[in-house]
Amino acid sequence: MSKQLITGLHHVTAMAGSPQQNVDFYAGILGLRLVKKTVNFDAPDVYHLYYGDETGLPGSIMTFFPFRNIRPGTAGLGQAAVTTFSIPKGSVDYWVKRFVQFGVKHESPQLRFDETVVRFEDMDGLGLELVANDRDERAPFTYGNIPLEHAIRGFYSIELWESAYERTESLLANQLGHQFVAESGTRRRYSTGAQGKPGQVIDIVWDSQKPYGFGGSGTVHHIAFDTPSDEGQLAVREKLLSAGFHATPVLDRQYFHSIYFREPGGVLFEVATTPPGFLYDESREHLGESLKLPPWEEHRRDYIEKLLEPITLNPEKYASPS
Ligand code: ZN
């Protein structure tokens, strides 16, 4: 068998409103670690905040562009409308209580492919879920006030909303190394491994009647797949170009190298390299502590720092009764 070029999910990037509310939700309530505080490389007056596991491994990284004055977006076709995190099987009650405690909008737990799913939203209305399962082999990690046995392990899956599944399925299977795993109603599940392990799963939920979404706060900007090496990335890029997709040249995103292209259903896809990762410019203990700028912006650090509103981590505000 040839080596896998795509090994699962790398990151999800979404748009948000207030940066402080964003930090409070993802680091405070969800207990993800703020692993990098930088700026949008294309618009350095806006933060780019990265949350993840202890070192921000691929498959755990949720990132945001928090724009103060952005209009709210609407979920719909052509979007990665739901981002799903993996939690241990016995942790549903813990999380539902936590959502009640902190006023997080959520729904009653439901079953999907024999696993319990809890749907919830962040403060900007971004569609999120937890899936409780005993199939996640990633090392447990905890940050802030979440007990280790209940902590989020990383992504479980991403849900794409499409008018039809066929063309996106073909891309996933033929250019991005996914296999069909299961289906239920209008949900079709794909994975980079045969088992559909947490962190490797893409669900297409298709509905030709649903309206198209539009971007804004509370919507995903793009999703990224993980590829272990620069050579693998170039190989994927060649496959995409041969199949007629307009993949960008490789862009240096400091913590990974990226190519972007639009999938047939309208969602922006990225393929990002595992290296160099978030330890590139900060030690494990100090990840996310200082504002990191790309080298070409360093000369105007003072100016950029004045444009950005200060943000603070407040783990003590988000303690849960045990
Ligand atoms: Zn990205």
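As the structure is a prediction and not an experimental result, all values here were calculated from the model. Sequence positions, counted from 1, serve as the residue numbers for this chain. In listed order, ligands and their atoms are each counted from 1.
Salt-bridge check for Arg188 with Asp203: failed, with every basic side-chain N at 4.0 Å or more from each acidic carboxylate O. A salt bridge does not link Glu115 with Arg112: none of the charged nitrogens is closer than 4.0 Å to a carboxylate oxygen.
For the pairing with Asp226, the side-chain contact (heavy atoms from CB on, under 4.5 Å) check across Gln200, His11, His10 returns one residue only, His10.
A tilted orientation is assigned to the rings of Trp95 and Phe99, their planes being inclined by 30° to 60°.
In summary, His11 places an N/O/S atom under 2.8 Å from the Zn ion (ligand 1), meeting the contact criterion. Among the atoms of His10, none of the N, O or S atoms falls under 2.8 Å from the Zn ion (ligand 1).
With the Zn ion (ligand 1) at the apex, His222 NE2 and Glu270 OE1 define an angle of roughly 90° (rounded to 10 degrees).
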